[in-house]
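Below is one structure, written out as structure tokens, with a few remarks after it.
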Amino acid sequence: MASEIRVRIAPSPTGNLHVGTARTALYNYLFARNKKGKFVFRLEDTDELRSSDTYTKDIIDGLKWLSLNWDEGPDIGGPYAPYKQTEKVDHYEKYAHKLISSGKAYFCYCTQEELTQLKDDQKNSSMAPRYDNRCRNLNQSQIDKFQAEGRIPAMRFIVEEPRVISWHDAIKGEIAINSSDLGGDMVIVKSNGVAIYNFAVVIDDLDMKITHVIRGEDHIHNTAKQILIYEALDAPMPIFAHAALIFDIERQKLSKRKHGEAVHVDKYKKDGYMPEAIINYLAQMSWTPPNNQEIFSLDEACALFDLDKVSKSPAVFDIQRLNWFNGHYIRSLPIQEIITRALPYLSGYDLGQYKQNELEAIVSCVRDGLTTLSEIKEATQFFFDETIIVPADVKEALLSKQSSKDVLQKILEHLSEFNFGDAKACKAVVDKIGAELKLKGKDLFFPVRAALCGKTHGPDLGSTISILGRERVRSRIESALDLCAKT
RNA sequence: GCCCCCAUCGUCUAGUGGCCUAGGACACCUCCCUUUCACGGAGGUAACGGGGAUUCGAAUUCCCCUGGGGGUACCA
């Protein structure tokens, strides 16, 4: 049991739930479930300035909506609480002091201005920006002087140079980085007493007994820094896995700054995307199950997931492909489920005018044509509108024709022959009228659609007539004929 | 600038030295089904970035180049 697999998603609440974060969470979740291990949620909120509760809520809600449920986290607790970094600042400082007393870290009295100056100088002489370790060997009188000036020190970790830091990455394979490329001795505790990300993660991952760190490849250099800290603490190292990033169509990292709401998971929820589709899409982008299946559920993915099948190269976020997955799930999930999820989009309509089974019929006849659930509003509008407004172009093209008038007239005459409880039978009557008038195809169906729906595209005509029922069909055909008369 | 990562159709990918005349999916186009719409079905267009090397044989291994991306904070 000592070998239990433990992974985590550790978002920082400095923004809403990002598609990339969701993908990382998904990979961690899949890995944990596949290995019968634990999936931990931890909040990395040490950046007080940018963190907010609104973002925390958005992230938690979003991940839960995707069904990526964690076994331990700030909301449900767990054996290694707290799962929120701001609640353990003293804890990090304790470890930092340990490093100071063992000579592996020191106090740095540099001011923000001095550091900025240093960086500017380096830039001007086209040198690589890095800290010059000037506080590493301060003598007592220098320290006294800085303290007398009222400077509050930060703590820096000594980065020995040169040396090679290497690890076997579970996705990328061998990675090696020279310590000289890490930018000099690194801050581990800010002068305000709060641990910096690269230090806090290590302590947290240690505290929470994390065995595998699965994250985006933008963290590769951080990993090198963190490995140094593991070593200094003489602590066991987790296995690292860096997944390639998600790109936009221009092959740039998907970012809030550039893409705004398009990276916000909740935006897709609002737009009527299904969590099953997003999960399926995100999972199959950069990962292919052994049987090459395209469509699979979260549970199926859990059973098949493996890190070494995760692609090393970045994937472009392709909304068209997501749309295809979404349409697939809209068509294949149980109809009751679709109705429940569609309801919020239909709230503007007077649903009471239809019985429950008619409502079900409405949703099932329009769902084939939907790519997102939000489209259901427009797709079903004509069912609920009191009067149908036929757009000018449709009116022009169709209702001005004599044959159109004949069709509508005939339907009125044959109204008693319609068995409105049976969609196929309704369609059969229209077919019969077509035969009588020697009209077929568009000439036959478009005028009926135009009169009934106000448009020439729509769900199955038989179903439409059946659901609308005798009185609605009668009045809509009559209004259309009135319109014909005026043209 | 420096460091690291990556490189198969427009996009997501299969491919781990011969099964590749490079397979599948999305998108696009054509056709079929539907006397309309959608769903569905059948086809089609379309890719191994370039150069060396290893080998009887390279999409697959190695090197170089090119291209793309990421990182380079007292942010995470």
Side-chain angles (χ1 to χ4, degrees), chain A residues 10-15 44-47 49-51 85 108 110-112 115-116 119 122-123 125-131 152-156 169 171-173 175-178 180-183 186-198 200-201 216-224 242 244-245 247 249-253 281 284-288 292-295 311-325 327-328 331 365-370 379 427 430-431 434-435 439-449 453 455-461 464:
Chain A
S12 97
T14 53
E44 307 215 323
D45 57 347
T46 53
D47 183 346
L49 253 65
R50 295 192 299 147
S51 293
Q85 292 185 327
C108 167
C110 293
T111 61
Q112 212 54 250
L115 293 174
T116 313
K119 204 174 286 177
Q122 286 165 335
K123 196 178 176 186
S125 47
S126 61
M127 285 162 65
R130 56 153 21 240
Y131 181 58
I152 316 268
M155 295 186 208
R156 273 188 198 268
D169 194 277
I171 292 175
K172 301 263 184 194
I175 297 181
I177 288 169
N178 199 299
S180 312
D181 298 319
L182 261 24
M186 59 197 244
V187 171
I188 52 175
V189 176
K190 297 179 252 186
S191 52
N192 66 3
V194 180
I196 212 117
Y197 164 77
N198 272 319
V201 217
E217 70 177 341
D218 46 347
H219 281 285
I220 285 182
H221 279 74
N222 287 331
T223 297
H242 293 90
L245 302 176
F247 282 176
I249 198 67
E250 288 166 322
R251 308 205 75 87
Q252 305 223 320
K253 181 166 101 163
Y281 174 65
Q284 63 81 51
M285 141 162 86
S286 299
W287 176 70
T288 314
N292 277 16
Q293 220 173 303
E294 310 266 344
I295 298 286
S311 165
K312 292 193 229 280
S313 49
V316 171
F317 187 87
D318 182 1
I319 193 76
Q320 300 212 91
R321 200 163 158 79
L322 208 209
N323 285 342
W324 176 72
F325 279 105
H328 169 83
R331 264 167 258 130
C365 77
V366 298
R367 73 160 153 176
D368 277 359
L370 302 178
K427 174 69 168 26
V430 178
D431 288 344
L439 289 172
K440 60 179 184 176
K442 293 178 179 178
D443 290 333
L444 173 60
F445 296 103
F446 277 14
V448 186
R449 277 187 190 284
C453 315
K455 49 190 182 181
T456 52
H457 293 344
D460 177 72
L461 191 55
T464 303

> Between the base of U11(B) and the side chain of Arg321(A), is there any donor-acceptor pair under 3.5 Å?
Replying inline: no
> Are Glu294(A) and Arg321(A) ion-paired here, with the side-chain N under 4.0 Å from a carboxylate O?
Replying inline: yes
>> Using a distance-only criterion (donor-acceptor N/O pair, under 3.5 Å, no hydrogens), is the base of C39(B) paired with the side chain of Arg331(A)?
In response: no
> Between the base of C74(B) and the side chain of Ser191(A), is there a donor-acceptor distance below 3.5 Å?
Replying inline: yes
> Can we call the ring centroids of His219(A) and Tyr197(A) under 6.0 Å apart?
Replying inline: yes
> Of all the nucleotides listed (A76(B), U13(B), A25(B)), which has the minimum atom distance to the side chain of Glu294(A)?
Replying inline: A25(B)
> Has Lys455(A) got a side-chain N or O lying under 4.0 Å from the OP1 or OP2 atom of C37(B)?
Replying inline: no
>> Any base atoms under 4.0 Å from Gly441(A), or only sugar-phosphate, or nothing? Heavy atoms, all strands.
In response: base
>> The side chain of Ser311(A) is closest to which nucleotide in this list: G71(B), U13(B), C6(B)?
In response: U13(B)
> Contact class for Leu115(A) (heavy atom, under 4.0 Å): base, sugar-phosphate, or nothing?
Replying inline: base
>> Counting distance alone, no hydrogens or angles: does the base of A25(B) have a donor or acceptor under 3.5 Å from a partner atom on the side chain of Asn292(A)?
In response: no
> Ring stacking, Phe445(A) with base of U36(B), under 5.5 Å and under 30°?
Replying inline: yes
> Under 4.0 Å: is that the gap between some side-chain N or O of Lys253(A) and OP1 or OP2 of G68(B)?
Replying inline: no
>> From the set C74(B), C5(B), C39(B), return the single nucleotide nearest to any side-chain atom of Asp368(A).
In response: C39(B)
